[in-house]
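Presented below is the structure to which this report refers.
The basis for the numbers below is simple: all heavy atoms, side chains too, and nothing from hydrogens, waters or symmetry mates.
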Amino acid sequence: MEKILLIEDEEKMARMAELELCHEGYTVLKAADGLSGLALAEKDVDLILLDIMLPGLSGLEVLRRLRKNSDVPVILLTARDAVVDKVAGLDAGADDYITKPFAIEELLARIRAALRKQAPRRQSGEGTLSAGPLTLDPARHEVKVNGAAVELTNREFELLHYLMQNKGLVLSRDTLLERVWGYEYPGGANTVDVYIRFLRGKIDEKIGVRLIQTVRGVGYRLTDEN
Ligand code: CA
């Protein structure tokens, strides 16, 4: 799962974002000022959310120092109407920016886009899984139905990935919960049912065939043998 570093001094905003990102399946590191953020950025993180107005070292200064030796994707969190910040930020090597206050769905979409852009630098195509007209490329974080891209949330992607890795096998709700959400997830087995429904809406209904089958009293199975 991708690791996101959030450098943001507004505690309420940081906590809200952390909660949503964790819920989406990302691992989150947090820093409340520029210097400690820069220190954490040296760890192996996949993406950085960087507030511009930070105490101590400003976000732009953090970005300039970071870019001397790292090409990790950076999304700036900027104040409304701070056009100068946005331009300076992109010039300094930011990949994208989002204006506060933002809808969490928009932030998640921008994170996925930034991570996807990064993905071709990893090996793509390798390890691609398929089931009938459905393909999943873990390196590019890409799912396609008949060659057309399907937009999935991170958690939906992880669930589908696990189902496809175990194609043909019946997986219990508990197993899926443990492998996709982790032990500490408080949501319970109903969560699995909800996400299976999401996946069917985005995939099975497009194909018109039920790839994800319910095995009554046990769990779920993904199969292309109908
Ligand atoms: Ca701030």
For this session: For the pair R110 (side chain) and Y97 (backbone), establish whether a donor and an acceptor sit closer than 3.5 Å, ignoring hydrogens and angles.
Result: yes

Exercise. Any chance CE of M13 has more than 12 other-residue heavy atoms, nucleotides or ligands included, within less than 6.0 Å?
Worked result: yes

Exercise. Shared ILVMFWY cluster between L19 and I104, side chains joined below 4.5 angstrom?
Worked result: no

For this session: Please round to the nearest 0.5 Å and tell me the distance separating atom CG of L152 and atom CG of L159.
Result: 9.5 Å

Exercise. From L77 CG over to I98 CD1, what is the distance, rounded to the nearest 0.5 angstrom?
Worked result: 7.5 Å

Exercise. Between R200 and T214, do the side chains contain an N or O donor and an N or O acceptor separated by less than 3.5 Å?
Worked result: yes

Exercise. Taking a hydrophobic cluster as the set of Ile, Leu, Val, Met, Phe, Trp and Tyr residues connected by side-chain heavy atoms closer than 4.5 Å, whether directly or through intermediates, do L90 and L54 fall within one such cluster?
Worked result: yes

Exercise. Do side-chain atoms of E24 reach the backbone of N154 as a donor and acceptor pair under 3.5 angstrom?
Worked result: yes

For this session: Please say whether more than 12 non-hydrogen atoms of neighbouring residues, nucleotides or ligands are located less than 6.0 Å from NZ in K202.
Result: yes

Exercise. Given the rule that I, L, V, M, F, W and Y join up when any side-chain heavy atoms are under 4.5 Å apart, are M53 and V74 in one cluster?
Worked result: no

Problem set entry | L107/L49 under side-chain contact (heavy atoms from CB on, under 4.5 Å): CA gap, chis, key distance, verdict | CA-CA 10 Å; L107 178 66; L49 296 174; 3.9 Å; yes

Exercise. Do M164 and L134 have side-chain heavy atoms sitting under 4.5 Å apart?
Worked result: yes

Exercise. Taking only residues two or more places apart in sequence, or in another chain, which ones meet S130 in a side chain to side chain contact (heavy atoms under 4.5 Å, CB included)?
Worked result: T135

Seminar exercise, completed: Closest heavy-atom pair, V143 versus L136, reported as atoms and distance to 0.1 Å, is CG2-CD1, 3.9 Å

Problem set entry | ILVMFWY network linking L176 to V218, side-chain heavy atoms under 4.5 angstrom | no

Exercise. How long is the span from the CG atom in L199 to the CD atom in E205, to the nearest 0.5 Å?
Worked result: 11.0 Å

Exercise. Where is the tightest heavy-atom contact between A94 and L63, given as atom of each residue plus distance?
Worked result: N-CD2, 3.7 Å

Exercise. Under a 4.5 Å cut-off applied to non-hydrogen side-chain atoms, are R15 and K30 in contact?
Worked result: yes

For this session: Please tell me if the side chains of V209 and D224 come closer than 4.5 Å, counting only heavy atoms from C-beta onward.
Result: no

Exercise. Is the shortest heavy-atom distance from the side chain of V192 to the side chain of Y220 under 4.5 Å?
Worked result: yes

Exercise. Would R65 and L57 count as a side-chain contact (heavy atoms from CB on, under 4.5 Å) if you check the C-alpha gap in whole Å, the side-chain angles of each, and the deciding distance to 0.1 Å?
Worked result: CA-CA 10 Å; R65 294 193 191 184; L57 219 52; 3.5 Å; yes

Problem set entry | Cluster overlap L211 with V215, hydrophobic side-chain contacts below 4.5 Å | no

For this session: Grab the two heavy atoms, one from Y26 and one from L115, that are nearest each other, plus how far apart they are.
Result: CE2-CD1, 3.9 Å

Seminar exercise, completed: Looking only at heavy atoms, the pair that brings V170 and R221 closest together is CG2-NH1, 3.9 Å

Exercise. Got a second to check how far I111's CD1 is from L47's CG, nearest 0.5 Å?
Worked result: 6.0 Å

Could you list the donor-acceptor pairs under 3.5 angstrom formed between side-chain atoms of residues 35-45 and any protein atom two or more places apart in sequence or on another chain?
| residue | atom | partner | partner atom | Å |
| --- | --- | --- | --- | --- |
| S36 | OG | D33 | O | 3.4 |
| S36 | OG | D33 | OD1 | 3.3 |
| S36 | OG | D33 | OD2 | 2.9 |

For this session: In plain terms, say whether D95 and R67 are close enough for a salt bridge, that is, a side-chain N and a carboxylate O under 4.0 Å apart.
Result: yes

Seminar exercise, completed: ring pair (Phe, Tyr, Trp, His ring centres under 6.0 Å) filter on Y162, not counting sequence neighbours, yields none

Exercise. Between C22 and V28, what is the shortest heavy-atom contact and its length?
Worked result: SG-CG2, 3.9 Å

Exercise. Got a second to check how far L66's CG is from I7's CD1, nearest 0.5 Å?
Worked result: 7.5 Å

Exercise. Where is the tightest heavy-atom contact between A32 and D9, given as atom of each residue plus distance?
Worked result: O-CB, 3.2 Å

For this session: Determine whether R155 and W181 make a side-chain contact, defined as any pair of heavy atoms from C-beta on separated by less than 4.5 Å.
Result: yes

Exercise. Between T153 and L108, is any pair of side-chain heavy atoms under 4.5 Å apart?
Worked result: no

Exercise. Roughly how far, to the nearest 0.5 Å, is the CG atom of D137 from the NE2 atom of H141?
Worked result: 10.0 Å

Exercise. Does the side chain of I212 reach to within under 4.5 Å of the side chain of I196, using non-hydrogen atoms?
Worked result: yes

For this session: Indicate yes or no: does K100 engage D51 in a salt bridge with an N to O separation below 4.0 Å.
Result: yes

For this session: Would you indicate whether F157, at its atom CZ, is surrounded by more than 12 heavy atoms from other residues, nucleotides or ligands within a distance under 6.0 Å?
Result: yes

For this session: Would you confirm whether E8, through its side chain, and E10, through its main-chain N or O, come within 3.5 Å as a donor-acceptor pair?
Result: yes

